[in-house]
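Ligands are counted one by one from 1 in listed order, and the atoms in each one are counted from 1 as well. For reference, positions follow the sequence shown, starting with 1.
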Amino acid sequence: MLNIDWNSLSNDDLYTIAENLKKEKNCFILAHNYQNMEVQKIADYVGDSLQMAIVASKTDAKMILLCGIKIMAETTKILNPDKKVLMSHFDADCPLANMKTPDDLRALRKKYPDAEVVCYVNSPAALKAESTITCTSSNAEKIISSIPEDKQIIFVPDKNIGAWVAYKNNRELIMFDSYCYVHEQITLEETMMMREEFPDYSLIVHPECSLDVCKEADLVCSTGQMIDFVKKNDRVIIGTEIGLYDQLKYHYPEKHLVPLNLKMVCKNMKKTNLQGAVRALAEEKYEITVPEIMKQKAKKSLDRMLLFI
Ligand code: 13P
């Protein structure tokens with residue numbers, strides 16, 4: 001395996017090698033909905049963050065390869081402390097996750113010592129470890145509404161999801177000013193223009209978009225929930241990272257789908273390609289580790305999240 005001339009292989013060769021390696025190593029491959037279609041094809045499961053966490057917490061494979069970004073691989077490792085968890089690319093990181101440090105969060109907790117800390121899943125393990133509970137775009141609203149009205153809530157790190165769930169729950173949240181550059185860049189003006197161009201289409205957006213854009217949408221939801229919506233609707237504007245649009249076009253070619261904006265490309269998600277993912281598995285290259293204490297604390301926060309499915 002080590003002497004393979006990787007560049008001489010076709011995609012079909014790579015699919016065959018991936019299948020053989022999965023069996024040989026007893027490896028389960030998880031891929032996020034934003035991954036390239038060629039990568040999704042080698043995955044045992046493709047989904048959104050909550051769906052991936054649920055599946056990761058149940059697999060009895062010996063090894064897991066996570067095709068996505070580092071925070072997702074960390075979450076997988078925390079939920080599977082005894083398994084070998086590999087990442088598909090060594091520096092597929094998340095700028096949103098790294099905009100604030102655990103020290104920033106500790107400073108906020110000091111200022112609001114009685115507040116519950118809700119941490120969006122696109123965060124490093126160190127931030128999850130400082131939190132009461134983790135949430136994803138699927139269950140953020142439910143988790144916030146489960147916290148008693150008289151409790152203050154610190155919501156980190158994504159200010160846009162925070163603003164959306166604060167609006168939906170009519171709650172005030174204490175937040176950072178961090179954001180996902182892929183979703184934040186979409187303006188209300190661009191969104192209205194798409195509405196005008198496609199008047200009989202539904203608009204669905206991810207809650208990492210700004211509050212103005214979310215308020216304009218017919219549905220604000222996770223990528224997994226977007227797939228469910230498209231299954232039941234024929235004309236839809238897709239307001240999230242372009243990988244989801246590509247996946248939907250592939251599976252539902254008969255539907256009328258348009259991306260909200262072609263510039264919604266996550267450079268980190270796109271670092272993984274088919275050859276890179278198969279090589280990561282063949283050579284077991286990018287193993288994820290999380291320091292023990294941090295892992296234990298972050299697991300409590302993630303286990304609480306898994307009660308909200
Ligand atoms: P989902 O959990 O909705 O798939 O979102 C993940 C993400 O990274 C959004 O940018």
Under 4.0 Å from ligand 1, counting heavy atoms only, is it the side chain of [X], its backbone, both or neither?
X: E241; result: neither
X: S137; result: side chain
X: N122; result: side chain

(request) Evaluate the side-chain proximity of F198 to L203: yes if any heavy-atom separation is below 4.5 Å, no if none is. (result)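 Counting from C-beta outward, L203 and F198 never come under 4.5 Å.
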(request) Answer yes or no: does atom OH of Y201 have more than 12 heavy-atom neighbours from other residues, nucleotides or ligands under 6.0 Å? (result) yes
(message) For E172, is the CD atom crowded, meaning more than 12 foreign heavy atoms sit under 6.0 Å from it?
(response) no
(request) Mind checking ring pair (Phe, Tyr, Trp, His ring centres under 6.0 Å) for Y167 and listing every partner two or more places apart, or none if nothing turns up? (result)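 Listed in chain order: W164.
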(request) Could you tell me whether some N/O pair between T136 and ligand 1 is separated by less than 3.5 angstrom? (result) no
(request) Would you check whether T223 has a nitrogen or oxygen atom less than 3.5 angstrom from a nitrogen or oxygen atom of ligand 1? (result)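 Indeed, backbone or side chain, T223 has an N or O that close.
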(request) Test the K100-F176 pair against the cation-pi criterion, namely NZ or CZ under 6.0 angstrom from the six-membered ring centroid and within 45° of the ring axis. (result) yes
What is the closest protein heavy atom to [atom], and at what distance does it sit?
atom: atom 2 (O) of ligand 1; answer: S49 OG, 2.6 Å
atom: atom 10 (O) of ligand 1; answer: E208 OE1, 2.8 Å
atom: atom 5 (O) of ligand 1; answer: H206 NE2, 3.1 Å

(message) Taking 4.0 angstrom as the limit and counting only heavy atoms of S222, give me the atoms of ligand 1 inside it, by number and element.
(response)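 Close to S222: 3 (O).
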(message) Is a donor from one side chain sitting under 3.5 angstrom from an acceptor on the other, for S10 and D13?
(response)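 Yes, a side-chain donor-acceptor pair sits under 3.5 Å.
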(message) Yes or no: does H32 have any heavy atom under 4.0 Å from an atom of ligand 1?
(response) yes
(request) Answer yes or no for Q51: is there a heavy-atom contact with ligand 1 below 4.0 Å? (result) no
(message) Would the distance check show the side chain of Q40 and the main-chain N or O of N33 forming a donor-acceptor pair, the cut-off being under 3.5 Å?
(response)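 Yes, because the side chain of Q40 sits within donor-acceptor range (under 3.5 Å) of the backbone of N33.
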(message) Test of understanding: with side chain to side chain contact (heavy atoms under 4.5 Å, CB included), list the residues that count as partners of Y286, not counting sequence neighbours.
(response) M87, F90, A280
